[in-house]
Amino acid sequence: MSATTTTVDAIADCVGRQVAIRGWLHRQRSSGKIHFLTLRDGTGFIQAVVSRAAVGVETFTRADHLGQETSLIVEGTVRKDARAPGGYEIDVSALEIVGESRDYPITPKEHGVDYLLDRRHLWIRSRRQAAILRVRHEVINGIRDFLNDQGFILADTPIFTPAACEGTTTLFAVPYFDHATAYLTQSGQLYNEANAMALGRVYCFGPTFRAEKSKTRRHLTEFWMVEPEMAYATLDDATDLAEALVVSIVERVLDRRRRELEVLERDTAPLERVRSPFARIAYDEAVEILQSRGLPFEWGGDFGGPDETALAEHFDRPVAVQRFPAAIKAFYMKPDADRPELSLSVDVLAPEGYGEIVGGGERLDDYELLLDRIRQHDLPREAFEWYLDLRRYGSVPHAGFGMGVERVVAWLCGLEHIRETIPYPRMLYRLTP
RNA sequence: UCCUCAGUAGCUCAAUUGGCAGAGCAUCCGGCUGUUAACCGGAGGGUUGCUGGUUCGAGUCCAGCCUGAGGAGCCA
């Protein structure tokens, strides 16, 4: 066998050579004495041309009855051809069927959402879904590389957490042997602060869980979040970092995943505009903008989906909103020294209606103030003794944020719904496959 | 939990005022040497989400339920 096994993404370097491609049959068109097989191998798609004259009657007949998603190995010569989708094709000399496929349920025609989600394990084979998952991969690696290059240490925080820190309504409870109840983490925030005191600049990156009965295009019950935290850092330091991180991810995806964005028919013009500096506005200004646009928004409230969209429309790139009312933010947010009713918090809103992608700020570093807050929020002090230790033993100003991976991917890909950004979405009424 | 919409062939949908259950794709058979979701001819394929009601007659009207979608609330 003179054929060299290769992959579709390397096909341009194989012109004129005999190669073998191992993949699956994506689509087939036949025309009498010639078959066009579109193969996919995980790295891309390529057209294989099977002519009766070249392969003989026996192989040719076999190639006429292949079901969609049949796994097969084709051997043949690579040729550049403008008529082929992708620009290259393989003149097949031999064909081996590895695994048959009959009545593949996802046909080239349209399907409904429920039908596709029930077959998510197959749906991810489609060109569009595979493109989204490649962008997701790029986003995740972009985040890791950026933070690692900036001197951040990955320090994982637990997924099983002990007490219900802020009420149990939005936490998933799981039996922990026969002596306790554990809750699936909603955020690594508190542990991150301890890690930052140990290592300076840290991040955690993993799945988080929210038992909110949200049924919208922006919510999953299980999603991935990256949370950097920095010792000796302020609100503006956290905002700077969030801005640089977002810019870096967008640049990287535009640089390395342009082909996927084309498959997704994503207009990249709005992404090209994502450069520093982002607009930074105060919550007070955001309220004015919303009211000037005629939205019934009152000072003190948190932004809903339509509010975030309206705000983002005001800017040509992501916008950072700072200093939200303390009452609508977490107990551990540090108050503004000049206006204690405000917190040193920041949200970054993505353009085009994709909403909040980053939320964070400066943390409360004073022991007495933190203790007050814990009492005000009716939280069990015992559960927070370890957290209070961080203020007993060398407390420093520190800040950080969380960024939701799926919302970023949905934005970059221009998706209607966040459910396509993760291989197996978990939603209010979706636990399978 | 609430509001709105939907459920008919494997899939996506149509079915006039309550009057014979239909099409495209998929599948199977046949044809075609440059197709791009190929095309052309033929065949098979139905508990109209479930339960009950009104009616000579219900996919269609009524009641309840189930499932899903979009949104609201909720969302460190």
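This is a predicted model, so every value here is computed, not measured. In what follows, chains are A, B, ... by sequence order, proteins preceding strands, each numbered from 1.
Here B/A69 presents its C1' atom at 11 Å from CZ of A/Arg217, a figure rounded to the nearest Å.
Spacing between B/A6 and B/A63 at atom P, rounded to whole Å, works out to 14 Å. Across the P atoms, B/G24 and B/C66 are found 38 Å apart, a figure rounded to whole Å. B/C5 sits 23 Å from B/A9 when the P atoms are compared, rounded to a whole Å. For B/U16 and B/A58, the P atoms lie 16 Å apart once the distance is rounded to whole Å. Annotation: B/C39 and B/U54 have their P atoms spaced 49 Å apart (nearest Å). Nucleotides B/A69 and B/A26 place their P atoms 27 Å apart, quoted to the nearest Å. The same atom, C1', is picked in B/C20 and in B/G70; the two are 37 Å apart, to the nearest Å. The same atom, P, is picked in B/G45 and in B/G52; the two are 28 Å apart, to the nearest Å.
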Would A/Leu415 and A/Glu420 count as a side-chain contact (heavy atoms from CB on, under 4.5 Å) if you check the C-alpha gap in whole Å, the side-chain angles of each, and the deciding distance to 0.1 Å?
-> CA-CA 8 Å; A/Leu415 304 181; A/Glu420 292 179 59; 4.0 Å; yes
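Each of A/Gly112 and A/Ile34 was matched to the nucleotide of RNA chain B holding its nearest heavy atom; the match closer to the 5' end belongs to A/Gly112. Positionally, the nearest nucleotide of RNA chain B for A/Asp64 lies more toward the 5' end than for the other of A/Asp64 and A/Arg210.
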Any chance you could encode RNA chain B as dot-bracket? Rule is Watson-Crick or G-U wobble with both distances under 3.5 Å; [ ] for pairs crossing earlier ones, | for another strand.
-> (((((((..((((.....[..)))).(((((.......))))).....(((((..]....))))))))))))....
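Contact annotation: A/Arg419 reaches the phosphate of B/G70 (side-chain N/O to OP1 or OP2, under 4.0 Å). For the OP1/OP2 pair of B/G70 and a distance below 4.0 Å, the side-chain nitrogens and oxygens of A/His417 include at least one atom meeting the criterion. Distances shown here put a side-chain N or O of A/Arg102 below 4.0 Å from the OP1 or OP2 atom of B/C28.
Taking the side chain as every heavy atom from C-beta outward, A/Pro108 and A/Gln68 approach each other to under 4.5 Å. Within the 4.5 Å cutoff, side-chain heavy atoms of A/Tyr203 are placed close to those of A/Leu154.
Interatomic distance, CG of A/Leu342 versus CE of A/Met333, reported as 11.5 Å (0.5 Å rounding). Rounding to the nearest 0.5 Å gives a distance of 8.5 Å between CD1 of A/Ile106 and CD of A/Glu69.
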Are there any protein N/O atoms within less than 3.5 Å of an N/O atom in nucleotides 42-48 of chain B, and if so, which ones and at what distance?
none

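Between the side chain of A/Glu416 and the base of B/G70 there is no donor-acceptor pair of N/O atoms closer than 3.5 Å. Contact of A/His219 with B/C75 (side chain to base): a donor-acceptor pair of N or O atoms is detected under 3.5 Å.
By the 6.0 Å and 45° rule, A/Arg119 does not stack over the aromatic ring of A/Trp123. Cation-pi geometry between A/Arg391 and A/Tyr393 is not met: the NZ or CZ atom fails to fall both under 6.0 Å from the ring centre and inside 45° of the normal.
Across all their heavy atoms, A/Gln28 and A/Asp64 have their closest contact at NE2-CA, 3.8 Å.
With respect to the salt-bridge test (charged N to carboxylate O, under 4.0 angstrom), the residues A/Arg258 and A/Glu262 do not qualify.
Taking only side-chain atoms of A/Ser31, from C-beta outward, the nucleotide of B/U35, B/G70, B/C32 with the closest atom is B/C32. Out of B/G68, B/U33, B/G73, the shortest distance to the side chain of A/Ser214 is found at B/G73. The side chain of A/Ser30 lies closest to B/C32, out of B/C32, B/C11, B/U35. Here the nucleotide nearest the side chain of A/Lys329, chosen from B/A76, B/G68, B/G34, is B/A76. Nearest to the side chain of A/Lys215, among B/A69, B/C32, B/A37, sits B/A69.
For residues 337-353 of chain A, the pairs satisfying side chain to side chain donor-acceptor pair (under 3.5 Å) are A/Arg266-A/Glu352, A/Asp284-A/Arg339, A/Lys329-A/Asp347, A/Arg339-A/Glu341, A/Ser343-A/Ser345, with sequence neighbours left out.
Judged by distance alone, the side chains of A/Thr239 and A/Asp236 never bring a donor and an acceptor atom under 3.5 Å apart.
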